4 protein chains.
Amino acid sequence: MKKKHRTLGRPRKEHGEMPTEDTILQTATAMFLQKGYPLVSMDDVAEKCNVTKATVYYYYKTKAELFTDAMIQLMTQIKQKSAAILATNEPLKVQLFHIAKAHLEATVNIDITAFMKEAKVSLSEEQVGEMEKAEEALYSELEEALAKAMSKGEIPNNNPRLTALIFINMLTVRNAMNEEFKKSFTTTDKLAKHIIDFYWNGLAGES
Amino acid sequence: MKKKHRTLGRPRKEHGEMPTEDTILQTATAMFLQKGYPLVSMDDVAEKCNVTKATVYYYYKTKAELFTDAMIQLMTQIKQKSAAILATNEPLKVQLFHIAKAHLEATVNIDITAFMKEAKVSLSEEQVGEMEKAEEALYSELEEALAKAMSKGEIPNNNPRLTALIFINMLTVRNAMNEEFKKSFTTTDKLAKHIIDFYWNGLAGES
Amino acid sequence: MKKKHRTLGRPRKEHGEMPTEDTILQTATAMFLQKGYPLVSMDDVAEKCNVTKATVYYYYKTKAELFTDAMIQLMTQIKQKSAAILATNEPLKVQLFHIAKAHLEATVNIDITAFMKEAKVSLSEEQVGEMEKAEEALYSELEEALAKAMSKGEIPNNNPRLTALIFINMLTVRNAMNEEFKKSFTTTDKLAKHIIDFYWNGLAGES
Amino acid sequence: MKKKHRTLGRPRKEHGEMPTEDTILQTATAMFLQKGYPLVSMDDVAEKCNVTKATVYYYYKTKAELFTDAMIQLMTQIKQKSAAILATNEPLKVQLFHIAKAHLEATVNIDITAFMKEAKVSLSEEQVGEMEKAEEALYSELEEALAKAMSKGEIPNNNPRLTALIFINMLTVRNAMNEEFKKSFTTTDKLAKHIIDFYWNGLAGES
DNA sequence: GATGAATGAGCGTTCATTCAT
DNA sequence: TATGAATGAACGCTCATTCAT
């Protein structure tokens with residue numbers, strides 16, 4: 001079984017190359033999103049990064065840690081994007097539309113909840129804790145925006161936390177569509193609009 | 001864990017026992033729902049059923065087949081329950097409330113879509129096909145009920161397929177709740193009511 | 001996993017059907033010759049015989065026994081055919097030609113020695129003994145014919161046992177041919193003739 | 001058998017040890033020759049090499065690959081030995097005698113053809129191809145020597161390919177001998193001489 | 001900083017065999 | 001006579017992890 005022998009020692013960094021640690025995290029994130037925690041092996045990650053498994057372990061003590069780091073980074077990014085959108089002066093409905101569009105346009109379909117669930121069995125309590133904190137931050141962002149809109153009377157009063165969760169949840173509805181039905185929405189914009197309309201109406205009712 | 005050494009060969013038939021084949025399917029269903037396809041091993045299933053792995057294979061040729069059979073049975077059951085509820089004379093909103101309650105009361109949280117995704121890599125095309133058929137049947141039931149309600153003017157016109165998917169999808173919102181927030185809904189009824197109210201409002205808007 | 005349920009109890013024997021025991025032995029023989037001992041499973045045999053594995057075990061206590069019985073029967077048959085040919089009045093060379101032809105025409109290529117070797121690991125000493133007896137009988141037949149020919153002066157004196165073994169051995173030469181070379185012998189007759197000519201010349205020399 | 005628990009991770013390199021990869025190949029070759037492809041398990045190989053199965057897989061991706069590599073190496077070695085002998089100035093008969101002796105002196109009895117057959121089911125087309133190439137090289141060597149001898153008039157004209165195959169094939173005749181008969185040849189020399197005499201006579205005849 | 005070599009545990013699957021019916 | 005149900009032991013293979021270099 002012939003192996004490509006890489007040269008030993010620290011490789012000269014080529015111009016514009018990402019540090020190995022980041023490459024690994026980036027690559028791993030994409031792979032986890034695509035196939036889910038159990039179906040991504042450390043070997044897979046290493047191969048795709050063009051390093052050896054041992055190198056991956058050099059930067060991340062365990063697979064669980066790699067996953068945790070990857071997910072936290074991802075959630076933080078999402079949170080920041082959402083925050084940026086929610087910080088604008090546009091009306092809430094428009095802001096939500098932009099968030100929805102951003103989600104739907106991401107190449108991989110993220111259903112954070114489903115993801116976590118399948119990984120949690122393998123994580124340490126501490127790791128679960130860290131991830132939940134990041135998840136929490138993500139939800140809080142939205143929750144606060146909704147709460148503010150309620151207090152301003154922009155939308156009727158309702159449970160802001162629940163409605164935040166419902167919003168994130170609704171963005172995963174596309175995962176349940178079969179190919180044919182998916183095609184009936186010619187652009188992401190149209191699907192986003194449908195979802196936001198429905199959501200906005202949902203918010204509209206007193207409860 | 002002590003290994004109970006059972007005797008070789010065909011065991012003496014005891015009365016009142018569920019047939020092994022059913023025990024396995026039941027147990028497997030619960031386990032798959034709890035941990036997801038990749039994290040449930042045939043050994044796990046066997047142990048929980050108090051039989052050996054070979055026995056599991058006696059009834060189900062492969063893990064993929066066991067999964068397929070389990071999921072189809074599950075979806076068929078859900079479909080039948082939904083169908084029964086939708087066949088009553090109660091107004092649609094009440095019917096949806098009952099369906100939601102039934103879902104939320106099931107011990108295991110079902111997010112069929114997430115499940116399928118992680119399993120699909122391991123299934124044959126035929127198996128995926130079978131499961132999609134069962135999934136389809138499940139959605140169609142609801143879709144038709146919604147379409148009928150629209151044509152009767154009970155709710156405004158909207159995409160019945162999309163709204164059906166949104167409904168099923170919303171039932172999984174609880175998965176995203178942390179323990180604390182979950183406790184804020186003292187009964188399943190209350191959570192179901194919140195969800196249905198939101199959903200019904202969503203349906204209410206013209207689009 | 002649906003199984004074809006056969007009716008319980010003794011099945012009515014259809015006109016012209018072989019007794020189950022014989023069917024199994026016949027089928028097993030063919031399968032062992034084709035694939036070798038380790039690659040034929042009791043399940044395979046059962047399926048091809050249209051009975052259950054338990055039925056095979058009803059007639060043959062173990063796989064090793066089934067193999068032993070099959071091989072002994074086979075060798076006995078071959079011996080009898082050889083004996084019949086050697087009992088004719090034709091000259092030895094013609095007789096050998098007929099034996100060679102019979103071997104080469106058998107659909108499956110028999111290399112008894114190679115066969116035994118791969119099976120012997122799994123057989124009991126007693127079983128090995130039985131098979132060697134049958135093998136011995138097979139070789140003796142030929143050995144005696146050769147010895148007689150030598151004493152009659154039909155061929156020069158030589159080690160009759162060794163020459164018998166060489167004869168049987170030479171019949172397996174075809175197994176080593178690649179497809180292309182095999183085709184260069186348009187008929188079995190031609191190949192048999194080549195082999196016999198070579199062999200006869202070999203016998204011809206004094207030693 | 002006590003399990004020697006070796007330490008995890010990369011072992012300290014001791015001097016003068018054969019590289020693990022070679023140990024495995026050597027050991028595997030011997031085992032395959034002794035028991036045949038199906039009866040040698042990767043566990044067996046590993047145990048005999050004093051490494052774990054995982055180590056075997058570290059060097060050889062599959063069992064089929066291990067087998068292929070082992071057989072090719074073996075055939076190449078045999079070919080080289082034969083080539084060396086055939087390159088000498090001695091008369092062909094003497095050369096053949098030396099080849100026969102070398103074969104018969106090898107601890108393991110090689111019947112390549114029988115081997116391949118039982119392994120082929122498990123090999124990829126590519127692997128079969130590689131092995132057939134090595135086999136071919138082995139036969140060609142001899143075939144050419146025979147052809148040259150024929151054109152020089154050292155032996156009568158005959159099918160050089162067929163006679164080459166017969167030669168290799170005859171070297172396996174010892175496999176068919178029972179213990180008693182084997183003992184009647186007090187030295188390998190004597191057996192080799194018998195075989196070569198017979199073979200040479202066979203070659204001698206016109207055809 | 002990065003690698004090559006090795007492990008132990010587990011996984012999906014097969015198989016010879018056993019036993020009550 | 002023949003079967004259906006079950007077992008225990010292997011088998012080929014993968015994977016997360018470890019450690020010397």
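From a predicted model like this one, the values you see are computed outputs, not experimental measurements.
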Does the side chain of Thr20(C) pick up a donor-acceptor pair with the side chain of Thr23(C) at under 3.5 Å? no
With distance as the sole test, does Tyr60(D) use its side chain to make a donor-acceptor pair with the main-chain N or O of Glu21(D) at under 3.5 Å?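 Indeed, once roles are kept as given, a pair shorter than 3.5 Å links the two residues.
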Any donor-acceptor pair under 3.5 Å linking the side chain of Lys63(A) with the backbone of Val40(A)? yes
Nucleotide-resolved protein contact map, nucleotides 10-15 of chain E, B/S/- at heavy-atom distance under 4.0 Å: BSBBBB
Starting from [atom2] on [N], measure out to [atom1] on [X] and report it in whole angstrom.
X	N	atom1	atom2	result
Glu47(C)	dT3(F)	CD	C1'	16 Å
Ile24(D)	dA5(E)	CD1	C1'	11 Å
Phe67(C)	dA16(E)	CZ	P	13 Å
Glu21(B)	dA6(F)	CD	C1'	14 Å
Tyr60(D)	dA5(E)	OH	P	12 Å

If I take atom CD1 from residue Ile24(D) and atom OG1 from residue Thr55(D), how far apart are they, to the nearest 0.5 angstrom? 6.5 Å
Using 30° and 60° as the class boundaries, would you call the ring planes of Tyr37(B) and Phe67(B) parallel, tilted or perpendicular? perpendicular
Think Thr52(D) has a side-chain N or O under 4.0 angstrom from the OP1 or OP2 of dT7(E)? yes
Does dT1(F) have its OP1 or OP2 closer than 4.0 Å to a side-chain nitrogen or oxygen of Thr55(C)?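 For dT1(F), neither OP1 nor OP2 has a side-chain N or O of Thr55(C) closer than 4.0 Å.
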Compare the minimum distances between each of dA2(E), dT3(F), dG4(E) and the side chain of Tyr58(A), then state the nucleotide with the smallest one.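 My answer, after comparing the listed nucleotides, is dA2(E).
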Test side-chain hydrogen bond (donor to acceptor under 3.5 Å, both in side chains) applied to Glu65(A) - qualifying residues, sequence neighbours left out: none
Using Watson-Crick pairs (N1 to N3, plus N6-O4 or O6-N4) and G-U wobble pairs, both distances under 3.5 Å, which stems of at least 3 pairs involve DNA chain F?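 So the stems come out as E:2-21 with F:2-21.
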